[in-house]
S.K.: 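I have a structure here, written as structure tokens, and I will follow up with some questions on it.
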Amino acid sequence: MIRARVIVASNRAAAGVYEDTSGPLLVTGLRELGCEVDPPVVVPDGDPVGQALLAAREERVDVVLTSGGTGITPTDRTPEVTRALLDYEIPGIAEAIRAYSRDTVPAAALSRGLAGVTGRTLVVNLPGSRGGARDGLAVLGPILRHAVDQLRGGDH
């Protein structure tokens with residue numbers, strides 16, 4: 001069983017200004033892919049995202065999907081916080097997610113989301129929209145089990 005976690009990086013959702021909708025969509029999608037996943041963790045963007053990622057790594061979660069904080073506004077800091085914690089990046093995943101979306105959503109090219117590994121945990125930054133969540137799941141669905149198997153020491 002793949003253990004997964006969804007971390008929503010949203011200053012407004014964390015403050016209760018509105019209810020996030022991308023996180024629950026990601027949780028449902030991960031469950032449909034056969035993952036064990038709790039409800040989303042909602043935190044402000046920036047250092048709280050890093051703290052949530054560290055907790056997931058310490059708890060040996062296999063996969064963490066973040067939602068939000070990948071744009072170009074001054075408060076979008078998820079990629080920077082994520083990069084500081086990664087042992088190595090897997091650029092092909094982030095590139096595939098942007099490529100999947102860009103023909104229908106040109107602004108997908110503005111996403112700075114990363115993918116990589118911290119410890120034995122795969123981390124993928126996704127945009128904070130429902131469309132970004134769906135697109136991320138579409139790209140990850142066919143490769144997720146193989147990626148986790150590789151991180152657990154499986155053979156090619």
S.K.: Counting N and O atoms only, with roles assigned by atom type, does the side chain of Arg98 sit under 3.5 Å from a partner on the main chain of Gly113, one being a donor and the other an acceptor?
M.R.: yes
S.K.: Consider only side-chain heavy atoms of I, L, V, M, F, W and Y, link residues closer than 4.5 Å, and tell whether Val41 and Leu65 are in one cluster.
M.R.: no
S.K.: Let me see the working for Leu54 and Leu85 under side-chain contact (heavy atoms from CB on, under 4.5 Å), right down to the final yes or no.
M.R.: CA-CA 8 Å; Leu54 285 172; Leu85 299 175; 3.8 Å; yes
S.K.: Rounded to the nearest 0.5 Å, how far apart are CZ of Arg112 and CD1 of Ile72?
M.R.: 8.5 Å
S.K.: In sequence, state the C-alpha distance, the side-chain angles, and the governing distance for Leu126 and Thr70, and then conclude on side-chain contact (heavy atoms from CB on, under 4.5 Å).
M.R.: CA-CA 7 Å; Leu126 298 174; Thr70 63; over 6 Å; no
S.K.: Got more than 12 heavy atoms from elsewhere within 6.0 Å of CZ, Arg60?
M.R.: no
S.K.: Test of understanding: clusters of I, L, V, M, F, W, Y form through side-chain heavy atoms closer than 4.5 Å, transitively. Do Ile90 and Leu140 belong to the same one?
M.R.: yes
S.K.: Could you tell me the separation between the CZ atom of Arg3 and the SG atom of Cys35, rounded to the nearest 0.5 Å?
M.R.: 11.5 Å
S.K.: So, Arg5 and Glu59, do they make that salt bridge, N to O below 4.0 Å?
M.R.: yes
S.K.: Hey, does the side chain of Ser101 reach the backbone of Ile97 with a donor-acceptor pair shorter than 3.5 angstrom?
M.R.: yes
S.K.: Looking at every non-hydrogen atom in both residues, tell me the closest pair between Val64 and Ala56 and how far apart they are.
M.R.: CG2-CB, 3.5 Å
S.K.: Linking I/L/V/M/F/W/Y whenever any side-chain heavy atoms sit under 4.5 Å apart, do Val139 and Leu110 land together?
M.R.: no
S.K.: Of the non-hydrogen atoms in Gly69 and Asp45, which two are nearest, and what is the gap between them?
M.R.: CA-OD2, 3.1 Å
S.K.: Would you check if there is a donor-acceptor pair between the side chains of Thr82 and Asn125 at a distance under 3.5 Å?
M.R.: yes
S.K.: Should Leu30 and Leu151 be counted in the same cluster of Ile, Leu, Val, Met, Phe, Trp and Tyr side chains packed under 4.5 Å apart?
M.R.: yes
S.K.: Any salt bridge between Asp47 and Arg77, counting N to O under 4.0 Å?
M.R.: yes
S.K.: Output, in order, the C-alpha distance, side-chain angles, deciding distance and verdict of side-chain contact (heavy atoms from CB on, under 4.5 Å) for Val63 and Ile2.
M.R.: CA-CA 8 Å; Val63 177; Ile2 295 174; 4.0 Å; yes
S.K.: First locate atom CD of Gln51, then atom CD1 of Ile7, and finally report the distance between them rounded to the nearest 0.5 Å.
M.R.: 10.5 Å
S.K.: Using modelled atom types and a 3.5 Å cut-off, is there a donor and acceptor pairing between side-chain atoms of Ser22 and backbone atoms of Ala133?
M.R.: no
S.K.: How close do Gly23 and Val8 get, heavy atom to heavy atom, and via which atoms?
M.R.: CA-CG2, 3.7 Å
S.K.: Verify whether one side chain among Arg57 and Thr118 offers a donor that lies under 3.5 Å from an acceptor in the other.
M.R.: yes
S.K.: Looking at residues at least two apart in the chain, or sitting in another chain, which of them share a side-chain contact (heavy atoms from CB on, under 4.5 Å) with Leu33?
M.R.: Leu137, Leu144
S.K.: I'd like to know if Arg120 pairs up with Asp62 as an ion pair, taking the criterion as any Lys NZ or Arg NE/NH1/NH2 lying under 4.0 Å from an Asp or Glu carboxylate oxygen.
M.R.: no
S.K.: Give a yes or no on whether Arg31 atom CZ has more than 12 heavy-atom contacts from other residues, nucleotides or ligands under 6.0 Å away.
M.R.: yes
S.K.: Given the rule in the side-chain contact (heavy atoms from CB on, under 4.5 Å) test, do Val123 and Val117 qualify, once you have shown the distances and angles that lead to the verdict?
M.R.: CA-CA 6 Å; Val123 178; Val117 175; over 6 Å; no
S.K.: Find out whether Ile93 and Leu122 are in side-chain contact, i.e. whether some heavy atom of one side chain is under 4.5 Å from a heavy atom of the other.
M.R.: yes
S.K.: Are Val43 and Val17 connected into the same hydrophobic cluster when the rule is that any two of I, L, V, M, F, W, Y join if their side-chain heavy atoms are below 4.5 Å apart?
M.R.: no
S.K.: Please identify which of these residues, Leu114, Val49, Leu53, meets the side-chain contact (heavy atoms from CB on, under 4.5 Å) condition with Thr78.
M.R.: Val49
S.K.: Give the minimum heavy-atom separation between Ala14 and Val42, together with the two atoms involved.
M.R.: N-CG1, 3.7 Å
S.K.: Minimum heavy-atom separation for Val27 and Pro40, please, with both atom names.
M.R.: CG2-CD, 3.7 Å
